[in-house]
Amino acid sequence: MSRNRLCRAEQETIISWDNELDTASIYTYDQRLIHKLERLVKKYPDQFIRKGEEIKHCASFSIPKRCISVR
């Protein structure tokens with residue numbers, strides 16, 4: 001494994017929000033989730049925003065909080 005590569009346990013997804021804003025932040029290494037969110041960014045650019053890629057293979061998004069569901 002290369003030095004810059006994270007192991008699978010370190011490749012996490014973090015979803016956060018506060019009670020004041022109507023948006024949630026998603027920080028993820030999950031490529032399936034990144035691709036899904038990128039499709040939503042293209043389809044709904046006023047609601048889904050890609051905030052950037054801090055580290056290779058990782059992305060951050062801002063999405064409407066109402067789209068988050070815990071089951």
Side-chain angles (χ1 to χ4, degrees):
M1 181 164 37
S2 114
R3 213 184 250 221
N4 295 331
R5 211 129 176 183
L6 298 175
C7 70
R8 288 182 59 84
E10 294 173 314
Q11 296 175 14
E12 56 192 7
T13 296
I14 301 169
I15 302 171
S16 63
W17 67 82
D18 61 43
N19 290 330
E20 185 176 339
L21 300 176
D22 292 331
T23 59
S25 294
I26 299 178
Y27 175 85
T28 186
Y29 283 86
D30 185 329
Q31 294 303 305
R32 290 178 298 149
L33 181 56
I34 290 172
H35 293 304
K36 183 175 186 173
L37 290 168
E38 285 176 341
R39 286 193 303 272
L40 290 168
V41 166
K42 288 178 185 173
K43 191 171 184 178
Y44 306 103
D46 55 323
Q47 296 178 39
F48 292 80
I49 301 165
R50 182 166 179 160
K51 295 195 288 187
E53 188 172 307
E54 293 81 17
I55 302 171
K56 192 173 183 177
H57 307 295
C58 174
S60 295
F61 296 87
S62 176
I63 72 166
K65 190 166 39 175
R66 63 181 162 68
C67 295
I68 304 293
S69 174
V70 178
R71 299 173 192 216

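- With rounding to the nearest 0.5 Å, the separation of OG1 in Thr13 from CG in Asp30 is 5.0 Å.
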Could you check Gln31 against Gln11 for side-chain contact (heavy atoms from CB on, under 4.5 Å), going step by step and ending with a plain yes or no? CA-CA 10 Å; Gln31 294 303 305; Gln11 296 175 14; over 6 Å; no
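- One hydrophobic cluster, built from ILVMFWY side chains closer than 4.5 Å, holds both Trp17 and Ile63.
- Residues Tyr27 and Ile68 do not share a hydrophobic cluster, clusters being chains of Ile/Leu/Val/Met/Phe/Trp/Tyr side chains in contact below 4.5 Å.
- Looking at every heavy atom in both residues, Pro64 comes nearest to Gln47 through CD-O, 3.4 Å.
- Under a 3.5 Å cut-off, the side chain of Lys65 and the backbone N or O of Leu21 do form a donor-acceptor pair.
- The number of heavy-atom neighbours closer than 6.0 Å to CG of Asp18, taken from other residues, nucleotides and ligands shown, is above 12.
- Within 6.0 Å of atom CG in Asn19, 12 or fewer heavy atoms from other residues, nucleotides or ligands are found, so the atom counts as exposed in its surroundings.
- Val41 and Ile34 fall within the same hydrophobic cluster, where Ile, Leu, Val, Met, Phe, Trp and Tyr residues are linked whenever their side-chain heavy atoms come under 4.5 Å apart, directly or through other members.
- Distance check, rounded to the nearest 0.5 Å: SG of Cys67 to CG of Leu37 gives 9.5 Å.
- When hydrophobic clusters are built by joining Ile, Leu, Val, Met, Phe, Trp and Tyr residues whose side-chain heavy atoms come closer than 4.5 Å, directly or via intermediates, Phe61 is not grouped with Ile49.
- Here the closest heavy-atom approach between residue Arg50 and residue Ala59 is recorded as NH2-CB, 3.4 Å.
- Classified by interplanar angle (parallel below 30°, tilted 30° to 60°, perpendicular above 60°), the ring pair Tyr44/Phe48 is tilted.
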